[in-house]
Chemist: 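Below is one structure. I have some questions about it.
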2 protein chains.
Amino acid sequence: MRSGIKQVAEQAGVSIASVSHVINNTRYVSDEVKRKVYEAMEELDYRPNSAARSLRSQKSNTIGLIVPVLPSDTSNFFFMMVAQGIQYTLKQHGYHLLLSNNTTEQIEDEKEQIKLFNSKLIDGLFIASIAEDVGYLNDIVGSNYPVVFIDRNPTGYIGDCVLADGIGGAYEAVKTLILKGHHRIGLLTGELGITTSNERYDGYKNALADHDIPFDSSIVRMAESNLESGYESAKALLGEQKITALFIANNVLTMGAMKYIQERRIQIPAELAIIGFDDYDWTQITCPPLSVIRQPSYEIGVKAAEVMLERIEKPSTISEEYRLPTSLILRDSC
Amino acid sequence: MRSGIKQVAEQAGVSIASVSHVINNTRYVSDEVKRKVYEAMEELDYRPNSAARSLRSQKSNTIGLIVPVLPSDTSNFFFMMVAQGIQYTLKQHGYHLLLSNNTTEQIEDEKEQIKLFNSKLIDGLFIASIAEDVGYLNDIVGSNYPVVFIDRNPTGYIGDCVLADGIGGAYEAVKTLILKGHHRIGLLTGELGITTSNERYDGYKNALADHDIPFDSSIVRMAESNLESGYESAKALLGEQKITALFIANNVLTMGAMKYIQERRIQIPAELAIIGFDDYDWTQITCPPLSVIRQPSYEIGVKAAEVMLERIEKPSTISEEYRLPTSLILRDSC
DNA sequence: CTGAAAGCGCTTACAG
DNA sequence: CTGAAAGCGCTTACAG
């Protein structure tokens with residue numbers, strides 16, 4: 001049997017209370033007692049039982065994370081990088097990360113995950129919700145613990161949000177294209193409704209407006225975020241309209257569009273200049289290597305964890321939005 | 001305050017014991033009592049406190065996962081797919097997954113993670129260990145819970161292992177190349193020592209041997225698994241030796257090699273036939289789309305979880321190795 | 001400066 | 001067929 005705090009106290013010849021207090025540094029303990037406790041802990045290879053701890057203190061030191069990642073989805077790597085950043089930061093502070101992926105992209109599934117987490121007494125929740133309105137969190141979470149939204153900022157519930165600056169990123173991409181002399185700049189983006197798509201759309205429009213280029217809805221296409229749909233949309237757009245540059249506002253669509261463009265042997269950037277989204281390794285090995293807007297995914301995770309830790313320390317009824325800057329990685333496609 | 005089992009018992013007018021037994025289905029309870037308990041639980045929106053449960057039953061319903069994923073590593077998507085598969089399967093059985101990434105690829109870090117987990121009273125551990133010999137698990141884990149190794153089968157500790165059939169995968173790739181008429185088939189693989197690299201190396205050699213092609217060590221290269229090193233190794237190999245086909249035994253090296261090959265405008269498959277490793281989406285959009293050996297990553301996760309669940313049910317001192325078949329995805333690079 | 005003891009919310013022998 | 005009660009291993013007022 002593993003030894004508990006009682007055995008440690010016995011071995012050290014002090015009270016259980018003292019042992020607890022040296023472990024948690026929660027009241028003064030003389031150096032002499034401390035020494036004996038440390039010795040005893042060492043000798044017995046004592047590890048606090050966190051179930052008991054949680055039960056008593058109503059804190060679990062565990063935080064849940066829900067991300068939408070489909071089983072076959074090789075592309076939503078973004079969230080996995082965020083998860084890494086979160087986990088790394090949490091670890092430094094003695095917290096654990098409970099992972100849950102929403103494999104169906106249904107809101108019901110999302111709720112189900114949260115309920116599962118609830119039985120675990122989590123101290124906080126990170127969520128990349130697929131819903132625009134997360135009012136349902138009022139029932140399920142009900143301010144029992146802080147929630148930090150990542151990547152998307154839904155309405156209906158108060159929680160901090162950390163995400164990339166989609167407007168700025170899109171703006172920079174389009175502006176770059178304009179400064180290279182392009183006027184007919186197409187946009188291929190995810191379906192509107194989801195905040196990330198909306199923002200990138202706005203950035204696109206802003207950049208055009210600031211440079212006196214009229215907005216032409218016939219050269220912007222919304223597509224479901226998957227490879228096939230990126231392929232088809234690129235095909236349709238390039239077939240129907242004459243454009244000299246294309247900004248593709250997410251990584252899956254970028255991949256799909258590139259597939260079509262390479263099949264057709266469209267010369268990049270001579271016939272078509274391209275800026276894609278997300279700096280995945282593979283963007284270096286297309287022909288030519290792709291210029292992209294990089295999202296600081298790992299950093300988003302780190303920031304989200306920091307914000308969470310702070311909210312756990314001192315809860316609050318106001319919430320903030322943290323936007324991390326994107327950056328343009330210039331390669332040979334524009 | 002959230003209501004506990006006591007409130008439910010009161011509301012239902014039965015004993016705490018009965019409530020517990022209907023929740024856990026652990027002894028006969030009359031339909032009448034059951035009904036009242038369910039009603040009360042519903043009314044009070046009762047959720048069992050899992051900390052209390054764990055403390056009492058010495059079971060946490062939580063399993064840890066340790067994977068080596070570097071912060072900047074956009075390529076180790078493999079483990080994330082495995083994690084998805086594990087999490088999905090565990091969820092069906094009411095288990096939670098505690099995620100921990102070993103960001104340093106140091107064994108010390110690995111031990112540290114496990115110790116952290118130990119305080120949490122985990123019921124099992126999945127690990128893709130970076131060590132060849134995990135004898136240190138004897139001290140840290142000491143058969144307190146089952147461990148299931150994924151992707152790599154280290155020595156020094158008893159635990160089941162589920163991984164892809166690297167020998168078979170490599171064999172099939174090389175055999176395919178041979179049947180297409182190639183005799184000078186290069187190999188670019190990760191550094192030996194790690195079991196996955198060893199196996200793919202063996203598969204390569206077996207295929208050659210079975211087809212009476214002499215093994216030529218001058219056309220096989222081991223490289224550190226990163227993009228740059230894949231690039232450099234491809235450059236060196238192709239510069240020094242004349243080969244007509246190349247099997248690249250992991251995805252990062254594949255990416256690195258492809259970068260070099262595309263820069264040099266080496267015609268695939270005319271000048272060089274290629275089969276890569278891992279079926280990532282990006283392998284569809286290289287020029288030309290790449291033929292690859294697919295590893296069933298998600299399925300490995302599912303299988304690992306199933307094995308784990310079984311070991312938790314009935315512990316055992318013997319261990320098995322489960323090899324999931326790879327498959328050849330034929331595209332245009334060979 | 002330190003200890004004795006209550007109690008967190010469950011599960012599970014024990015008793016009837 | 002069901003209930004009363006011990007106890008899992010901690011934290012934390014309370015007391016001195």
Side-chain angles (χ1 to χ4, degrees), chain A residues 1-38 40-41 44-62 94 96 118-123 144-145 312, chain B residues 1-38 40-41 44-62 94 96 117-123 144-145:
Chain A
M1 209 46 224
R2 277 259 288 285
S3 46
I5 200 172
K6 204 174 150 195
Q7 285 82 332
V8 174
E10 244 163 52
Q11 172 97 5
V14 301
S15 74
I16 285 177
S18 287
V19 176
S20 174
H21 283 118
V22 340
I23 292 170
N24 300 298
N25 220 317
T26 177
R27 84 174 176 197
Y28 180 91
V29 180
S30 70
D31 287 348
E32 172 64 5
V33 170
K34 264 188 197 157
R35 196 188 49 71
K36 286 192 288 187
V37 170
Y38 283 130
M41 292 202 299
L44 299 173
D45 188 32
Y46 169 71
R47 306 203 179 279
N49 175 317
S50 67
R53 221 173 200 174
S54 298
L55 175 58
R56 183 54 231 252
S57 64
Q58 309 285 27
K59 270 209 73 202
S60 64
N61 274 274
T62 300
H96 294 272
N118 277 348
S119 77
K120 266 257 162 275
L121 187 72
I122 53 173
D123 296 336
N144 278 323
Y145 46 78
I312 290 177
Chain B
M1 211 44 224
R2 276 259 288 285
S3 45
I5 200 173
K6 204 174 151 194
Q7 284 83 331
V8 174
E10 244 163 51
Q11 172 97 3
V14 300
S15 76
I16 286 178
S18 287
V19 176
S20 174
H21 283 117
V22 340
I23 292 169
N24 299 300
N25 222 316
T26 176
R27 83 175 176 196
Y28 179 90
V29 180
S30 70
D31 287 349
E32 173 63 5
V33 170
K34 264 188 196 157
R35 197 187 48 72
K36 286 193 288 188
V37 170
Y38 282 131
M41 290 202 299
L44 299 172
D45 188 33
Y46 170 72
R47 306 201 179 281
N49 176 317
S50 67
R53 222 174 199 173
S54 297
L55 175 58
R56 184 54 232 250
S57 63
Q58 308 286 28
K59 272 208 73 207
S60 65
N61 274 274
T62 300
H96 294 270
F117 278 160
N118 277 349
S119 78
K120 266 259 169 265
L121 188 71
I122 54 173
D123 296 336
N144 278 322
Y145 45 79

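Chain A is the first sequence line, chain B the second, and so forth, proteins listed ahead of strands; every chain is numbered from 1.
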Chemist: May I ask you to verify if any side-chain N or O of B:Ser54 is less than 4.0 angstrom from the OP1 or OP2 atom of C:dC10?
Modeler: no
Chemist: Who are the side chain to side chain donor-acceptor pair (under 3.5 Å) partners of A:Gln7, not counting sequence neighbours?
Modeler: none
Chemist: Which salt bridge (charged side-chain N to carboxylate O under 4.0 Å, His left out) pairs, counting each pair once, include a residue from residues 46-61 of chain A, with sequence neighbours left out?
Modeler: A:Asp45-A:Arg47
Chemist: Just to verify, what does B:Thr62 make a side chain to side chain donor-acceptor pair (under 3.5 Å) with, not counting sequence neighbours?
Modeler: A:Lys120
Chemist: Run the side-chain contact (heavy atoms from CB on, under 4.5 Å) test against B:Ser54 and tell me which residues pass, sequence neighbours left out.
Modeler: A:Ala51, B:Ser60, B:Leu121
Chemist: Once side-chain contact (heavy atoms from CB on, under 4.5 Å) is applied, do any residues pair with B:Ala52, and if so which ones, sequence neighbours excluded?
Modeler: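 B:Ala52: side-chain contact (heavy atoms from CB on, under 4.5 Å) contacts with A:Leu55, B:Asn49.
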Chemist: Applying salt bridge (charged side-chain N to carboxylate O under 4.0 Å, His left out) as the test, list every pair that has at least one member in residues 14-35 of chain B; sequence neighbours left out.
Modeler: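 Qualifying pairs: B:Glu32-B:Arg35, B:Arg35-B:Glu39.
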Chemist: If I take atom CG in residue B:Leu55 and atom P in nucleotide D:dC10, what distance separates them, rounded to the nearest angstrom?
Modeler: 9 Å
Chemist: For B:Ile16, give me all partners under side-chain contact (heavy atoms from CB on, under 4.5 Å), at least two apart in sequence or on another chain.
Modeler: B:Ile5, B:Lys6, B:Ala9
Chemist: D:dG7 P sits how many Å from B:Gln58 CD, rounded?
Modeler: 15 Å
Chemist: To the nearest Å, give me how far apart NZ (A:Lys59) and P (D:dC10) are.
Modeler: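 Taking atom P of D:dC10 as the reference, NZ of A:Lys59 is at 17 Å.
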Chemist: Using atom CD1 of A:Ile5 as one end and atom P of C:dA4 as the other, report the distance to the nearest whole Å.
Modeler: 13 Å
Chemist: Nearest whole Å is fine: how far is D:dG9 C1' from A:Met41 CE?
Modeler: 15 Å
Chemist: Atom OH of A:Tyr28 and atom P of D:dG16: how far apart are they, to the nearest Å?
Modeler: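 Taking atom P of D:dG16 as the reference, OH of A:Tyr28 is at 23 Å.
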Chemist: Using a strict heavy-atom distance below 4.0 Å, which residues from residues 44-53 of chain A are in contact with DNA chain C?
Modeler: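 By residue number: none to list.
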Chemist: How many angstroms lie between atom CG of A:Asp123 and atom CD of A:Gln58, to the nearest 0.5 angstrom?
Modeler: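 Reported value, rounded in 0.5 Å steps: 10.5 Å.
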Chemist: Counting only side-chain N and O atoms of A:Ser57, is one of them less than 4.0 Å from OP1 or OP2 of D:dT12?
Modeler: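 Looking at the OP1 and OP2 atoms of D:dT12, neither is under 4.0 Å from any side-chain N or O of A:Ser57.
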Chemist: Can you pull out the residues from residues 31-38 of chain B that lie within a 4.0 Å heavy-atom distance of DNA chain C?
Modeler: none
Chemist: Pull out every residue in residues 7-16 of chain A that has a heavy atom closer than 4.0 Å to any atom of DNA chain D, ordered by number, or say none.
Modeler: A:Ile16
Chemist: Do you know the tightest heavy-atom contact between B:Ala40 and B:Gln11?
Modeler: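 Minimum heavy-atom separation between B:Ala40 and B:Gln11: CB-CG, 3.5 Å.
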Chemist: Provide the closest heavy-atom pair for B:Val33 versus B:Ser18 in the form atom of the first, atom of the second, distance.
Modeler: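 Of all heavy-atom pairs spanning B:Val33 and B:Ser18, the closest is CG1-CB, 4.2 Å.
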Chemist: Counting Watson-Crick and G-U wobble pairs whose two distances are both under 3.5 Å, find the runs of 3 or more in a row that involve DNA chain D.
Modeler: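 When the pairs of DNA chain D are grouped into runs of at least three, the stems are C:1-3 with D:14-16, C:5-12 with D:5-12, C:14-16 with D:1-3.
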Chemist: Would you name the heavy atoms of B:Val37 and B:Val8 that are closest together and state the gap between them?
Modeler: O-CG1, 4.3 Å
Chemist: Would you indicate which nucleotide in D:dT11, C:dC14, D:dC14 comes nearest to any side-chain atom of A:Ser20?
Modeler: D:dT11
Chemist: Just to verify, what does B:Asn118 make a side chain to side chain donor-acceptor pair (under 3.5 Å) with, not counting sequence neighbours?
Modeler: B:Tyr145
Chemist: Judged by each residue's nearest nucleotide on DNA chain D, which is more toward the 5′ side, B:Arg56 or B:Ala17?
Modeler: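 Result of the comparison: B:Ala17.
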Chemist: Between D:dA4 atom P and B:His21 atom NE2, what is the distance in whole Å?
Modeler: 14 Å
Chemist: Take atom CG of B:Asn24 and atom C1' of C:dG9, then tell me their distance rounded to the nearest Å.
Modeler: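 One finds 13 Å between C1' of C:dG9 and CG of B:Asn24, rounded.
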